[in-house]
Amino acid sequence: MAYIEPAPIKDKENPFESMMSRFRIASQHLNLREEIFNVLKSPDKQVIVSLPVTMDDGTIRVFEGYRVIHNNILGPGKGGIRYDMGVNLDEVKALAAWMTWKCAVVDIPFGGAKGGIRCNPREMSSGEIERLTRSYTQAMNEVFGPDTDIPAPDMGSGQREMAWLMDQYSRSRGMTVNAVVTGKPLVLGGSLGRIEATGRGVMVSALSAMEKLKINPYKATVAVQGFGNVGSFAALLMHERGSKILAISDISGAYYNEAGIDINQAIEYRNDNKGILHGFKGAEQIDSDDLLTLPVDVLIPAALEDVITMYNADKIKARLIVEGANGPTSAKADDIITEKGIMVVPDILANAGGVTVSYFEWVQNRLGYKWTRERVNRRMDRVMMSSFNNVYKTSLKYNVSMRIAAYIVAIEKVASAYEYRGGF
Ligand code: GLU
C-alpha cells in the first residue's frame, strides 16, 4: 500500500519562528517600514507536491515534495533540495528565507528558495532515488528555470541528484539546460571548487574571526559537529592551516583525540565505510552531546539546525562559533551566547561559500566557459572576506551581534530593492 510517512516529532523550536525572531530584531534596528516587513515575512510562492514512485519491490509509494521561493526581488530563487525524513513546510520556509538573506549578505544577484522531499535516502536504492528525483523535477517543471528558480544540493542530495534533475528538466525543454541547477558533476557543467566551497567558506570565515579575536590558527583547537560535505572540508582545511581538530562527529557518534585528529585519515576511513565514521580508530568515542561543550577555541556546528539551544548554550566553552549548518543555534540560545561574549559567525554568512560558488557555476554555464580552480577559490575567498568585514563593521556600528548585523546587511539590501522597484 502507498503511504506518506509522518514527520518525526521533534522537541525543537519552530525554525520559521526562529528565523522570524532575528528578522524582527534586525528590522527594528533598521526602522524598517511595516509594509516592507510584511512583504518580506511572507514567502512569494509555496508549492507542495505528491510524488508517486515505484519502489524496487513493485509497490508504489507516495512521497511529499516541497519548493518554497521566499523572495526573488534581487534575482531568481536559489537554494538547495533537502532529502530527509524531517522535511516539513515550516522548515523549508525558514531555509528559503535564510537563502534570501544569505545571497544578500554575500551580494550575489539571487533571491532565496529551498526545496525538500520527505524521504530517507539511506534506505532507498539508487534507482528509487532517481525515480523520485525525476518525479519531483517533473512536478516542479514550471517552477524551476535558469531565470526563475535554480536548485542545488542540500542535506541528503549531491551531484548525482543534480545530474538527474538537469537531465529531466532538459528533456522537457528538448535541449540541454545546464544553468537550471548548480552543484552538478564537472562534466555536466559543474564548477571546479563547488564541492568543497561551503567548507572552504567556513574556514575563511573562521580565520577572519580568529584574527579579530586574536586566536592564533596554529595554536587553535577546534571541534566540528557533522562530517558530511560541509564539516569534513571545513575540518580538513582548518587542519591544513595548522589548527588542531580535537573532535569530529556524525550520525555514528563523536570522536575525540587530545593530540588532534588526522583529518585526511578520517575522510579516507569515512569514504571506505559507507560514508560514516562508525568504528574510526584514530580517536576515542565520546558522547555526541559532549562535543558541543568541549573546551576548544572554535566550535563548528556543521550538521543540523537547532543543536545549540537554551538547554546547552550556557555550557559552551568555545570562544568562537562558526555556523557551517543552517540554523544550528536556536533563537532562544542567541542571548545566552551573546551574554557569554562568544562570537558567532552566523550561518547566513559562514556557510555562504557554497551558494557563492553556485553563483559562479551558473555564471560559467551562461557564459559557456570554464574557470580554473584557482580563479574560483580566489574569487570566493574575496567574497567571503569582504562580506565578513562588512558584517563585522555593521555589528560595531549598531552595537549588535554578528548574527543581527548579518540580518541588517541583508534586509537593508532587499528592502532597498523594494523601495526602488515599488509597484505594489
Ligand atoms: N544548500 C546550500 C545552502 O544551504 C547551497 C545552496 C545553493 O548552492 O544554491 O547554502
Chemist: Please examine the side chains of Asn312 and Asp289, heavy atoms only from C-beta on, and report whether any two atoms are closer than 4.5 Å.
Modeler: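 No, too far: nothing below the 4.5 Å cut-off.
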Chemist: Knowing that exactly one of Arg375, Lys184, Glu361, Gln364 qualifies, which makes a side chain to side chain donor-acceptor pair (under 3.5 Å) with Ser191?
Modeler: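 The passing option is Gln364.
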Chemist: I need the minimum non-hydrogen distance between Ile108 and Val355, along with the two atoms involved.
Modeler: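 Shortest heavy-atom contact: CD1-O, 3.7 Å.
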Chemist: If you round to the nearest 0.5 Å, how far is CD of Glu130 from CD of Gln168?
Modeler: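 Between atom CD of Gln168 and atom CD of Glu130 there are 9.0 Å.
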Chemist: Side chain to side chain donor-acceptor pair (under 3.5 Å) between Asn71 and Tyr418: does it pass, once the steps are laid out?
Modeler: CA-CA 11 Å; Asn71 191 280; Tyr418 269 106; 2.9 Å; yes
Chemist: Less than 4.5 Å apart, side chain to side chain, heavy atoms only: is that true for Met238 and Val202?
Modeler: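 Counting from C-beta outward, Met238 and Val202 never come under 4.5 Å.
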Chemist: Between Arg403 and Arg22 (side chain of the first, backbone of the second, donor and acceptor by atom type, cut-off under 3.5 Å), is there such a pair?
Modeler: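 Not confirmed, Arg403 side chain does not pair with Arg22 backbone.
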Chemist: For the pair Lys244 (side chain) and Gly242 (backbone), establish whether a donor and an acceptor sit closer than 3.5 Å, ignoring hydrogens and angles.
Modeler: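 No, the answer is negative, given that no donor and acceptor are paired below the 3.5 Å cut-off.
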Chemist: Indicate the atoms forming the closest heavy-atom contact of Ser395 with Ser401, along with that distance.
Modeler: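 Heavy atoms only, the tightest pair is CB-O, 4.0 Å.
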Chemist: Between Glu123 and Arg61, does at least one N-O distance fall below 4.0 Å, as a salt bridge requires?
Modeler: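 No, Glu123 and Arg61 are not salt-bridged.
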Chemist: Mark yes or no for whether His278, through its side chain, and Gly253, through its backbone, hold a donor-acceptor pair below 3.5 Å.
Modeler: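 No, His278 side chain to Gly253 backbone: no donor-acceptor pair under 3.5 Å.
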Chemist: Over 60° means perpendicular and under 30° means parallel, so tell me whether Phe360 and Trp371 are parallel, tilted or perpendicular.
Modeler: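 Rings of Phe360 and Trp371: tilted, 30 to 60°.
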Chemist: Can you name the nearest heavy-atom pair linking Pro121 to Gly156, along with the distance?
Modeler: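 For Pro121 versus Gly156, the nearest heavy atoms are CG-O, 4.1 Å.
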Chemist: Inspect the surroundings of CD in Glu240 and state if more than 12 heavy atoms from other residues, nucleotides or ligands are less than 6.0 Å away.
Modeler: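 Yes, enclosed.
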Chemist: Shortest non-hydrogen contact from Ala223 to Leu294?
Modeler: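 So the two residues come closest at CB-CD1, 4.3 Å.
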Chemist: Hey, what do you get for OG1 (Thr137) to CG (Leu165), rounding to the nearest 0.5 Å?
Modeler: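 Thr137 atom OG1 to Leu165 atom CG measures 3.5 Å (nearest 0.5 Å).
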Chemist: Check step by step if salt bridge (charged side-chain N to carboxylate O under 4.0 Å, His left out) holds for Glu142 and Lys45.
Modeler: CA-CA 12 Å; Glu142 297 309 317; Lys45 189 187 275 189; over 6 Å; no
Chemist: Would you say the side chain of Val181 lies within less than 4.5 Å of the side chain of Trp164, judging by non-hydrogen atoms?
Modeler: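 Trp164 does not reach Val181 side chain to side chain.
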Chemist: Write down the atom of Pro146, the atom of Tyr169, and the distance for their closest heavy-atom approach.
Modeler: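 In terms of heavy atoms, the two residues are closest at CD-OH, 3.9 Å.
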Chemist: Picking from Leu320, Ile308, Val224, what satisfies side-chain contact (heavy atoms from CB on, under 4.5 Å) with Leu299?
Modeler: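 Single pass found, and it is Ile308.
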Chemist: Should Phe110 and Trp362 count as side-chain neighbours, where that means a heavy-atom distance under 4.5 Å?
Modeler: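 Yes; the side chains approach each other to less than 4.5 Å.
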Chemist: What distance separates Tyr256 OH from Asp290 CG, expressed to the nearest 0.5 Å?
Modeler: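 These two atoms lie 11.0 Å from each other.
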Chemist: Strictly distance-based, threshold 3.5 Å: is any side-chain N or O of Thr59 a donor or acceptor partner for the main-chain N or O of Met55?
Modeler: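 A pair under 3.5 Å: no.
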Chemist: Evaluate the side-chain contact (heavy atoms from CB on, under 4.5 Å) criterion for residues Val177 and Met166: first the C-alpha distance (whole Å), next the side-chain angles of each, then the deciding distance (0.1 Å), finally the verdict.
Modeler: CA-CA 7 Å; Val177 189; Met166 186 206 96; 5.9 Å; no
Chemist: Hey, could you give me the CG/CD1 distance between Asp297 and Ile215, rounded to the nearest 0.5 Å?
Modeler: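 With rounding to 0.5 Å, CG (Asp297) is 5.0 Å from CD1 (Ile215).
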Chemist: Would you check if the side chain of Arg131 reaches a backbone N or O of Thr54 as a donor-acceptor pair within less than 3.5 Å?
Modeler: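 It does hold such a pair.
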Chemist: Check this for me: does any side-chain nitrogen of one of Arg118 and Glu91 sit under 4.0 Å from a carboxylate oxygen of the other?
Modeler: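 Between Glu91 and Arg118 there is no salt bridge, as every charged N stays at least 4.0 Å from the carboxylate O atoms.
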Chemist: What do the steps show when you test Cys119 against Leu132 for side-chain contact (heavy atoms from CB on, under 4.5 Å), and what is the final call?
Modeler: CA-CA 9 Å; Cys119 67; Leu132 178 59; 3.9 Å; yes
Chemist: When you compare the side chain of Met155 with that of Leu304, does any pair of heavy atoms fall below 4.5 Å?
Modeler: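 Answer yes - side chains close enough.
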Chemist: Could you check whether the rings of Trp101 and Phe23 sit parallel, tilted or perpendicular, using 30° and 60° as the cut-offs?
Modeler: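 Trp101 vs Phe23 ring planes: tilted.
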Chemist: Applying side-chain contact (heavy atoms from CB on, under 4.5 Å), run through Val92 and Gln46 and close with a yes or a no.
Modeler: CA-CA 9 Å; Val92 182; Gln46 306 176 55; over 6 Å; no
Chemist: Under a 4.0 Å N-O cut-off, is there an ion pair linking Lys102 with Asp347?
Modeler: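 Answer for the salt bridge query: no.
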Chemist: Is it true that a side-chain atom of Asp147 and a backbone atom of Gly145 form a donor plus acceptor pair closer than 3.5 Å?
Modeler: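 The answer is no, because no donor-acceptor pair under 3.5 Å joins these two groups.
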Chemist: Would you check, one step at a time, whether the test salt bridge (charged side-chain N to carboxylate O under 4.0 Å, His left out) holds for Asp306 with Lys332?
Modeler: CA-CA 10 Å; Asp306 250 351; Lys332 287 187 183 137; over 6 Å; no
Chemist: Is a donor on one side and an acceptor on the other found under 3.5 Å between the side chain of Asp154 and the backbone of Gly79?
Modeler: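 Checked: no pair found.
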Chemist: Would you say the side chain of Phe227 lies within less than 4.5 Å of the side chain of Ile267, judging by non-hydrogen atoms?
Modeler: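 They are in contact (side-chain heavy atoms under 4.5 Å apart), so the answer is yes.
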Chemist: Looking at every heavy atom in both Ala104 and Lys413, which two are closest together, and how far apart are they?
Modeler: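 Between these two residues, the closest heavy atoms are O-NZ, 2.8 Å.
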Chemist: Between Arg194 and Ser358, does a side chain to side chain donor-acceptor pair (under 3.5 Å) hold up when you go through it step by step?
Modeler: CA-CA 7 Å; Arg194 175 62 186 86; Ser358 273; 3.0 Å; yes
Chemist: When you compare the side chain of Pro153 with that of Gln159, does any pair of heavy atoms fall below 4.5 Å?
Modeler: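 No - every pair of side-chain heavy atoms lies 4.5 Å or more apart.
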Chemist: Do other residues, nucleotides or ligands put more than 12 heavy atoms under 6.0 Å from Glu258 CD?
Modeler: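 Counting neighbours around CD of Glu258, 12 or fewer heavy atoms of other residues, nucleotides or ligands fall under 6.0 Å, so no.
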Chemist: Could you measure the distance from the OG atom of Ser42 to the NE2 atom of His70? Nearest 0.5 Å is fine.
Modeler: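 Here the rounded value is 7.5 Å.
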Chemist: Any chance you could lay out the side-chain contact (heavy atoms from CB on, under 4.5 Å) test for Tyr392 and Met343, step after step, and finish with the verdict?
Modeler: CA-CA 11 Å; Tyr392 187 77; Met343 186 196 257; 3.7 Å; yes
Chemist: Within the supplied structure, the quantity of interest is the number of heavy atoms (other residues, nucleotides, ligands) at a distance under 6.0 Å from Arg122 CZ; does it exceed 12?
Modeler: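 Result for CZ/Arg122: open.
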Chemist: Please check this pair: side chain of Gln285 against backbone of Ser252, looking for a donor-acceptor N/O pair closer than 3.5 Å.
Modeler: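 Yes, the answer is positive, given that a donor and an acceptor are paired below the 3.5 Å cut-off.
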Chemist: Looking at Ala94, is its backbone amide N or carbonyl O close enough to the side chain of Lys114 to form a donor-acceptor pair, meaning the two atoms are under 3.5 Å apart?
Modeler: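 No, Lys114 side chain to Ala94 backbone: no donor-acceptor pair under 3.5 Å.
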Chemist: For Gly190, does its backbone N or O pair with a side-chain atom of Lys370 as donor and acceptor, under 3.5 Å?
Modeler: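 Yes; judged by distance alone, with no hydrogens or angles, the pair exists.
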Chemist: Applying ring pair (Phe, Tyr, Trp, His ring centres under 6.0 Å), name anything that partners Tyr269, two or more places apart in sequence or on another chain.
Modeler: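 With neighbours one apart ignored, the set is Phe280.
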Chemist: Please examine the side chains of Met384 and Asp381, heavy atoms only from C-beta on, and report whether any two atoms are closer than 4.5 Å.
Modeler: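 No, their side chains stay 4.5 Å or more apart.
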Chemist: From Leu277 CG over to Ser232 OG, what is the distance, rounded to the nearest 0.5 angstrom?
Modeler: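 Between atom CG of Leu277 and atom OG of Ser232 there are 9.0 Å.
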